[in-house]
Asks: 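Dropping a structure here in structure tokens format, bear with me for questions.
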Amino acid sequence: MDYRIKETVGFSPNIGELVSMLEYTRLVTLEELEELTVQGLDYLADGSSNTIGALLLHMASVEFVNQIISFENRDLTEEEFSQWKVPLELGGMARKVIRDQPLEYYLEELAAVRRKTLTLMKDAEDEWLYRERKWDNGVAHNNYYLWFHMLEDEISHRGQIRIIKRMLEISKI
């Protein structure tokens with residue numbers, strides 16, 4: 001593992017640094033998942049928590065949404081929202097339908113979305129990071145913020161995954 005933020009070959013300098021952060025964050029997340037069984041991925045600590053599997057699909061869904069907003073400059077279509085609604089929103093419906101899948105399923109979902117992110121970022125220039133838009137409520141944001149927020153979301157959910165894994169260990173005692 002490399003503990004340096006640095007430019008990544010094939011990307012403009014600042015985007016390459018962002019890619020370095022994206023890849024490091026994902027690598028650490030993936031290390032947390034090793035040896036998780038379907039039961040571990042589906043474990044519910046209580047009636048209002050999320051499973052590790054749901055959190056992983058949530059990470060993929062947030063990245064997909066960032067692709068649409070930052071590269072296509074639009075909101076999700078009805079079809080896209082329908083596909084990603086449950087993992088985006090988490091909660092009760094996610095507890096019911098995001099389950100009974102092996103770790104490989106979640107890993108492939110994460111990898112597929114990331115492959116597209118990296119393909120899109122290869123064609124972008126650094127100025128794209130600073131391109132500003134406004135939310136419907138008038139608040140300004142830029143693409144750099146969107147991708148930073150995605151990183152902080154994944155890191156936050158990785159913390160939840162670590163807590164759930166500890167709870168799984170305690171429940172085995």
Side-chain angles (χ1 to χ4, degrees), residues 1-33 41 50-91 93-94 97-98 101 103-161:
M1 185 176 304
D2 194 343
Y3 295 102
R4 298 172 292 163
I5 303 301
K6 59 185 182 176
E7 293 180 19
T8 304
V9 175
F11 297 89
S12 64
N14 291 356
I15 291 175
E17 290 173 356
L18 175 60
V19 167
S20 176
M21 289 183 257
L22 289 167
E23 293 296 271
Y24 171 80
T25 300
R26 182 57 50 83
L27 181 62
V28 176
T29 297
L30 295 177
E31 285 180 348
E32 286 298 323
L33 306 176
L41 291 162
N50 293 299
T51 66
I52 292 173
L55 292 171
L56 295 173
L57 283 186
H58 176 75
M59 290 174 194
S61 68
V62 170
E63 187 165 347
F64 176 81
V65 169
N66 274 353
Q67 291 170 0
I68 298 300
I69 294 171
S70 65
F71 288 102
E72 298 184 29
N73 198 21
R74 64 177 177 84
D75 288 326
L76 298 178
T77 64
E78 286 184 32
E79 182 180 327
E80 290 164 338
F81 183 68
S82 177
Q83 175 187 354
W84 292 103
K85 179 182 189 321
V86 173
L88 273 172
E89 295 178 351
L90 294 171
M93 188 57 72
V97 301
I98 301 175
Q101 296 291 336
L103 179 58
E104 294 75 24
Y105 167 78
Y106 299 104
L107 296 179
E108 180 49 37
E109 290 291 322
L110 287 164
V113 173
R114 179 55 54 89
R115 282 190 298 272
K116 181 161 185 195
T117 294
L118 296 177
T119 297
L120 292 167
M121 285 187 174
K122 277 186 187 251
D123 294 333
E125 295 297 326
D126 285 346
E127 67 84 28
W128 167 85
L129 290 168
Y130 305 100
R131 193 169 300 147
E132 290 190 17
R133 286 191 277 291
K134 289 189 179 184
W135 298 115
D136 290 341
N137 63 4
V139 174
H141 68 280
N142 64 21
N143 291 326
Y144 221 149
Y145 170 79
L146 291 175
W147 290 94
F148 162 77
H149 182 63
M150 193 204 80
L151 282 167
E152 82 177 336
D153 189 69
E154 180 165 335
I155 292 166
S156 174
H157 291 309
R158 183 189 325 130
Q160 290 176 297
I161 289 168

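Treat the numbers as computed from the prediction; the structure is a model and nothing was measured. Worth knowing before you read on, the calculation uses all heavy atoms, side chains too, and leaves out hydrogens, waters and symmetry mates.
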Asks: Suppose we screen for side chain to side chain donor-acceptor pair (under 3.5 Å). Which residues come up paired with E152, at least two apart in sequence or across chains?
Replies: H149
Asks: Nearest heavy-atom pair of K134 and G138: which atoms, and what distance?
Replies: CD-O, 3.5 Å
Asks: Calculate, to the nearest 0.5 Å, the distance between atoms CG and CZ belonging to L88 and F64 respectively.
Replies: 9.5 Å
Asks: Once side chain to side chain donor-acceptor pair (under 3.5 Å) is applied, do any residues pair with E80, and if so which ones, sequence neighbours excluded?
Replies: R74, T77
Asks: Are the side chains of T29 and L110 in touch, meaning some heavy atoms are under 4.5 Å apart?
Replies: no
Asks: Please assess E125 against R131 for the test salt bridge (Lys or Arg N to Asp or Glu O under 4.0 Å), listing each intermediate value before the final yes or no.
Replies: CA-CA 11 Å; E125 295 297 326; R131 193 169 300 147; over 6 Å; no
Asks: Is there side-chain contact between Q101 and L41, with at least one heavy-atom pair below 4.5 Å?
Replies: no
Asks: Would you check if I15 and W147 make a side-chain contact, meaning some heavy-atom pair closer than 4.5 Å?
Replies: no
Asks: How would you list, by chain and number, every residue that makes a side chain to side chain donor-acceptor pair (under 3.5 Å) with T25, sequence neighbours excluded?
Replies: none
Asks: Could you tell me which non-hydrogen atom of A124 sits nearest to which non-hydrogen atom of S12, and how far apart they are?
Replies: O-OG, 3.8 Å
Asks: Grab the two heavy atoms, one from E7 and one from E17, that are nearest each other, plus how far apart they are.
Replies: N-CG, 4.0 Å
Asks: Flag the pair N66 / T117 as yes when at least one side-chain heavy-atom distance between them is below 4.5 Å, and no otherwise.
Replies: no
Asks: Looking at side-chain heavy atoms only, is the closest gap between V113 and Q67 below 4.5 Å?
Replies: yes
Asks: Quick check: does any side chain N or O of S156 sit under 3.5 Å from a backbone N or O of D153, one acting as donor and the other as acceptor?
Replies: no
Asks: Search all heavy atoms of E109 against all heavy atoms of A60 and return the closest pair with its distance.
Replies: O-CB, 4.2 Å
Asks: Is there a side chain to side chain contact (heavy atoms under 4.5 Å, CB included) between L56 and I161 once you walk through the steps?
Replies: CA-CA 9 Å; L56 295 173; I161 289 168; 3.9 Å; yes
Asks: Can you tell if the side chain of Y105 reaches within under 4.5 Å of the side chain of L57, non-hydrogen atoms only?
Replies: yes
Asks: Rounded to the nearest 0.5 Å, what's the gap from CD on E32 to NE2 on H157? Could you check?
Replies: 15.0 Å
Asks: Rounded to the nearest 0.5 Å, how far apart are CZ of R158 and CD1 of I52?
Replies: 13.0 Å
Asks: To the closest 0.5 Å, what do you measure between CE (M150) and CD1 (I155)?
Replies: 9.5 Å
Asks: Could you give the distance from OH (Y106) to CG (L55), rounded to the nearest 0.5 Å?
Replies: 10.5 Å
Asks: Using side-chain heavy atoms (C-beta onward) and a distance below 4.5 Å, is V19 in contact with K122?
Replies: no
Asks: Assess the side chains of Y144 and N14: does a donor N or O sit below 3.5 Å from an acceptor N or O?
Replies: no
Asks: Does D136 have more than 12 heavy atoms from other residues, nucleotides or ligands lying within 6.0 Å of its CG?
Replies: no
Asks: Any side-chain heavy atom of M121 sitting closer than 4.5 Å to one from T8?
Replies: no
Asks: Give a yes or no on whether the backbone of I69 and the side-chain of R133 come within a donor-acceptor separation of less than 3.5 Å.
Replies: yes
Asks: Check the surroundings of atom CD in E78: do more than 12 heavy atoms from other residues, nucleotides or ligands lie under 6.0 Å from it?
Replies: no
Asks: How long is the straight-line distance from OG of S61 back to CG of L90, given to the nearest 0.5 Å?
Replies: 7.0 Å
Asks: For a quick test of reading the model, state the closest non-hydrogen atom pair linking S20 to I5 and the distance between them.
Replies: OG-CA, 3.7 Å
Asks: Take V62 and E154 through the test side chain to side chain contact (heavy atoms under 4.5 Å, CB included) and record every step on the way to the result.
Replies: CA-CA 9 Å; V62 170; E154 180 165 335; over 6 Å; no
Asks: Which of parallel (below 30°), tilted (30 to 60°) and perpendicular (above 60°) describes F71 and W128?
Replies: parallel
Asks: Using every non-hydrogen atom in the two residues, find where S70 and N143 come nearest and quote the distance to one decimal.
Replies: CB-OD1, 3.1 Å
Asks: When you measure from the side chain of R114 to the backbone of L22, do you find a donor-acceptor pair of N or O atoms at a distance under 3.5 Å?
Replies: yes
